[in-house]
**Q** 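What follows is a structure written as structure tokens; I'll ask about it next.
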Amino acid sequence: MPKNSKVTQREHSNEHVTESVADLLALEEPVDYKQSVLNVSGEAGGKQKAAEEELDAEDRPAWNSKLQYILAQIGFSVGLGNIWRFPYLCQKNGGGAYLVPYLVLLIIIGIPLFFLELAVGQRIRRGSIGVWHYVCPRLGGIGFSSCIVCLFVGLYYNVIIGWSIFYFFKSFQYPLPWSECPVIRNGTVAVVEAECEKSSATTYFWYREALDISNSISESGGLNWKMTLCLLVAWSIVGMAVVKGIQSSGKVMYFSSLFPYVVLACFLVRGLLLRGAVDGILHMFTPKLDKMLDPQVWREAATQVFFALGLGFGGVIAFSSYNKQDNNCHFDAALVSFINFFTSVLATLVVFAVLGFKANIMNEKCVVENAEKILGYLNSNVLSRDLIPPHVNFSHLTTKDYAEMYNVIMTVKEDRFSALGLDPCLLEDELDKSVQGTGLAFIAFTEAMTHFPASPFWSVMFFLMLINLGLGSMIGTMAGITTPIIDTFKVPKEIFTVGCCVFAFFVGLLFVQRSGNYFVTMFDDYSATLPLTVIVILENIAVAWIYGTKKFMQELTEMLGFRPYRFYFYMWKFVSPLCMAVLTTASIIQLGVTPPGYSAWIKEEAAERYLYFPNWAMALLITLIVVATLPIPVVFVLRHFHLLSDGSNTLSVSYKKGRMMKDVSNLEENDETRFILSKVPSEAPSPMPTHRSYLGPGSTSPLESSGNPNGRYGSGYLLASTPESEL
């Protein structure tokens with residue numbers, strides 16, 4: 001700026017210098033209004049608040065590299081569910097046939113909504129509360145509901161990490177402690193623990209040694225001190241990873257996101273070399289086409305898509321809000337979705353290869369046990385030796401020989417066959433035994449690893465992988481809580497993060513009592529599913545129907561530098577909301593038709609029994625669902641009746657043009673108009689960006705209120721090194 005300008009004189013002199021806005025504009029370089037933001041607010045001090053928000057956005061932490069950001073999104077989306085829930089759903093819902101509904105729903109719901117969350121987070125550069133307040137203030141409760149759901153999920157999810165930590169430390173011994181049943185010695189008499197003898201060594205270790213589980217959710221049984229200590233370690237690890245925000249969690253992601261793939265690759269190679277691995281993989285990929293038409297399969301596939309990509313949690317939005325605005329989030333959405341699906345399929349291959357090996361071992365064990373029964377019947381003349389084919393050798397009995405012998409005996413002794421108590425010992429029956437969730441990881445897979453050479457090494461690797469998978473997801477879950485709260489309420493980051501971890505640890509003691517596993521089932525299977533579905537539907541509606549799909553697509557074009565495929569327009573506008581509405585309806589009907597329940601471990605029977613939740617537990621479950629969704633209607637009502645400010649009744653202008661805030665609030669009224677509209681309003685375009693803040697019902701544009709004597713503009717200009725959101 002010239003040295004003799006009035007602005008320079010004012011800055012270097014104590015004397016008052018009178019100047020018009022025209023003088024200022026005449027000496028300014030041309031303004032690229034596309035790279036500028038005009039914020040309108042009118043509260044007392046609104047100018048200062050707007051300036052603070054602009055500076056806060058510029059000072060917002062950012063990822064060190066694109067790789068760090070991608071690893072963070074992968075770490076959040078790829079979690080424990082990819083390792084045990086997806087393989088279980090494949091096993092339960094028709095093997096390879098399950099991949100069809102999952103892929104279809106991933107394309108029409110998962111990827112479009114994942115792209116939507118990435119885009120709004122990157123564009124607005126705020127957490128979930130700020131994003132949805134900005135898009136539609138009346139639906140601002142979506143962000144608060146996302147935080148509550150993240151809290152619910154984080155409470156029990158870290159308990160699972162605690163279980164993994166317990167098994168991790170128990171793996172440093174040979175033989176593994178769950179490879180054999182414990183022996184009780186009473187003097188010179190040694191007796192195998194009855195509960196273990198009736199079930200299996202791995203099942204006994206899980207339910208009795210690890211969880212020390214009670215018979216029902218109504219029997220608390222007190223705290224399990226071992227798991228309490230592991231939970232404390234888990235929350236300490238999570239706290240240290242997230243206490244500095246992305247500055248600390250971003251570095252953790254390099255290991256926690258990549259290490260699981262190293263372990264999965266090692267397990268895949270080792271698994272393919274195991275006897276029977278091919279049987280398991282073929283069983284997995286053999287489709288049962290009738291399952292593809294089952295509505296329950298499609299509902300479970302949609303739920304898995306939500307959880308797999310982390311939709312509705314707020315973690316996706318939080319991570320993307322630390323991106324540069326010109327980042328290609330469309331590519332990120334496709335890449336992370338593909339990697340997530342690839343990881344699920346890879347984990348399923350590993351699981352079924354190992355389970356195929358386990359199934360062959362268990363089948364051979366079944367053949368040996370039943371062959372001993374047949375020999376006993378032959379020796380006691382219950383069965384005639386003429387029933388045994390001449391080529392059968394009991395010393396080297398194959399599964400094929402046993403099947404032939406079994407069929408002969410069943411045909412001849414048809415009337416008394418059931419009394420013999422013989423099992424068919426079919427490999428398919430072993431492969432069809434579906435083990436859900438934690439049972440797959442802590443019972444079935446651990447049992448298979450006991451038969452590996454160098455089993456402690458593989459056990460250490462497996463549970464270290466689970467810890468890292470859980471840590472990556474917990475970092476994203478914590479970001480879904482801390483980022484929006486810190487953005488909105490400006491609380492100290494470190495203090496609030498540590499406070500959250502301490503609070504969550506003490507509430508999480510509910511899950512480490514002897515009945516804690518049943519509460520994990522309640523939270524995992526029921527408390528988050530319905531609220532998440534509602535949240536994702538409303539997110540879609542807020543952008544596609546209230547904010548406007550065309551407008552959103554146009555702003556994405558400006559942000560990305562290219563127009564996204566028309567495919568997303570139709571998915572956001574029509575297909576995704578319809579599919580999610582059907583899913584929500586199906587979930588509500590399912591809850592009504594099939595009362596919620598859980599699998600209880602009955603010590604006396606050494607077996608699982610399905611029990612329904614008691615009335616008090618049902619009341620707790622309903623309360624959790626209501627609490628998670630309550631902020632949405634509450635905020636809507638408060639803002640609809642103007643009981644809560646949405647920021648629309650403010651009227652000050654903060655114009656970003658330079659790094660220093662030039663206070664020109666003492667303008668004459670004519671100068672104000674010339675400042676905003678140039679010399680002649682009709683001759684120059686307004687610098688107002690295409691989006692204006694939500695004004696509320698009955699409100700008018702701030703520019704239309706200029707004639708109001710009480711509505712004075714306070715203005716300043718600030719140059720943006722990176723353009724702020726134009727949404």
Side-chain angles (χ1 to χ4, degrees), residues 80 82-84 87 159-184 192-193 195-197 199-212 224-227 229-234 236-237 255-256 258-277 280 346-347 349-362 364-365 435 437-472:
L80 298 173
N82 297 76
I83 302 299
W84 61 47
V159 174
I160 301 175
I161 298 179
W163 296 342
S164 303
I165 292 172
F166 176 78
Y167 269 79
F168 173 74
F169 285 108
K170 286 290 185 179
S171 299
F172 289 94
Q173 51 187 299
Y174 184 83
L176 291 171
W178 51 82
S179 60
E180 297 176 353
C181 285
V183 176
I184 301 175
V192 176
E193 172 65 47
E195 186 181 2
C196 184
E197 190 175 22
S199 54
S200 68
T202 50
T203 303
Y204 173 82
F205 187 87
W206 167 241
Y207 284 118
R208 191 56 51 212
E209 295 293 333
L211 301 181
D212 192 19
N224 181 338
W225 69 268
K226 293 178 290 188
M227 289 305 166
L229 183 60
C230 290
L231 180 63
L232 178 61
V233 173
S236 299
I237 294 173
F255 181 78
S256 65
L258 293 176
F259 178 75
Y261 290 95
V262 176
V263 177
L264 283 176
C266 294
F267 266 100
L268 180 62
V269 173
R270 184 68 187 93
L272 292 176
L273 298 176
L274 295 172
R275 176 171 49 88
L346 176 62
L349 286 174
V350 171
V351 167
F352 274 88
V354 174
L355 292 184
F357 165 69
K358 173 180 173 288
N360 273 269
I361 291 179
M362 299 305 295
E364 291 173 359
K365 182 180 178 182
V435 183
T438 54
L440 180 61
F442 295 102
I443 298 177
F445 210 87
T446 52
E447 182 174 356
M449 286 189 297
T450 59
H451 301 286
F452 284 13
S455 55
F457 168 77
W458 293 104
S459 183
V460 168
M461 294 287 285
F462 177 71
F463 289 110
L464 186 58
M465 176 187 72
L466 292 188
I467 293 170
N468 279 277
L469 284 171
L471 179 60

**Q** Rounded to the nearest 0.5 Å, how far does CG of L80 lie from CD1 of I467?
**A** 10.5 Å
**Q** So, taking the atom named CG in L355 and the one named CZ in F357, what distance separates them when rounded to the nearest 0.5 Å?
**A** 11.0 Å
**Q** With side-chain contact (heavy atoms from CB on, under 4.5 Å) as the test, would you mind laying out the steps for I361 and K365 before giving the verdict?
**A** CA-CA 6 Å; I361 291 179; K365 182 180 178 182; 5.5 Å; no
**Q** Compare all side-chain heavy atoms of T203 with those of W206 and state whether any distance is below 4.5 angstrom.
**A** no
**Q** Considering non-hydrogen atoms only, spot the tightest contact between N360 and G276 and give its length.
**A**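 Result for this residue pair: ND2-CA, 3.2 Å.
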**Q** Do V351 and W84 have side chains that approach each other closer than 4.5 Å (heavy atoms only, starting at C-beta)?
**A**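 A side-chain contact under 4.5 Å is absent here.
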**Q** Show which side-chain atoms of residues 160-171 pair as donor or acceptor with protein atoms under 3.5 Å away, not counting sequence neighbours.
**A**
residue: S164; atom: OG; partner: I160; partner atom: O; Å: 3.1
residue: S171; atom: OG; partner: Y167; partner atom: O; Å: 2.7
residue: S171; atom: OG; partner: S459; partner atom: OG; Å: 2.6

**Q** Side chains of P177 and F205, heavy atoms from C-beta outward: is any pair under 4.5 Å?
**A**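 Yes, close enough: below the 4.5 Å cut-off.
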**Q** For Y174, give me all partners under side-chain hydrogen bond (donor to acceptor under 3.5 Å, both in side chains), at least two apart in sequence or on another chain.
**A**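 side-chain hydrogen bond (donor to acceptor under 3.5 Å, both in side chains) check on Y174 returns nothing, list empty.
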**Q** For residues 261-271, which side-chain N or O atoms pair as donor and acceptor with protein atoms under 3.5 Å away, sequence neighbours left out?
**A**
residue: Y261; atom: OH; partner: T343; partner atom: OG1; Å: 2.6

**Q** Looking at residues at least two apart in the chain, or sitting in another chain, which of them share a side-chain hydrogen bond (donor to acceptor under 3.5 Å, both in side chains) with T446?
**A** none
**Q** Would you call V350 and F445 a side-chain contact if the rule is heavy atoms closer than 4.5 Å?
**A**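 In short, these two side chains touch, coming nearer than 4.5 Å.
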**Q** What are the two closest heavy atoms between M449 and W458, and how far apart are they?
**A**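 Shortest heavy-atom contact: SD-O, 3.7 Å.
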**Q** Between L440 and I83, what is the shortest heavy-atom contact and its length?
**A**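 For L440 and I83, the tightest heavy-atom pair comes out as CD2-O, 4.1 Å.
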**Q** Is there side-chain contact between W178 and F442, with at least one heavy-atom pair below 4.5 Å?
**A** no
**Q** Any side-chain to backbone donor/acceptor pair from S236 onto L232? Under 3.5 Å, distance only.
**A** yes
**Q** For E195, enumerate each residue passing the side-chain hydrogen bond (donor to acceptor under 3.5 Å, both in side chains) test, keeping only those at least two apart in sequence or located in another chain.
**A** R208, W601
**Q** Hey, could you give me the CG/CG distance between L231 and N224, rounded to the nearest 0.5 Å?
**A** 11.0 Å
**Q** Considering non-hydrogen atoms only, spot the tightest contact between E209 and K226 and give its length.
**A**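 Scanning both residues completely, I find the closest heavy atoms to be O-NZ, 2.6 Å.
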**Q** Determine the minimum heavy-atom distance between Y204 and P182, stating which atoms define it.
**A**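 In terms of heavy atoms, the two residues are closest at CE2-CG, 3.4 Å.
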**Q** Within this structure, what is the CZ-CZ distance for the pair F457 and F462, rounded to the nearest 0.5 Å?
**A**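 Reported value, rounded in 0.5 Å steps: 14.0 Å.
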**Q** Going by disulfide bond (SG atoms under 2.5 Å apart), name the residues that satisfy it together with C230, two or more places apart in sequence or in a different chain.
**A**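 Scan of C230 (disulfide bond (SG atoms under 2.5 Å apart), adjacent residues dropped) gives none.
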**Q** Looking only at heavy atoms, what is the nearest atom pair of F255 and P260, with distance?
**A** O-CD, 4.1 Å
**Q** Report yes if some heavy atom in the side chain of V354 is under 4.5 Å from a heavy atom in the side chain of K358; otherwise report no.
**A** no
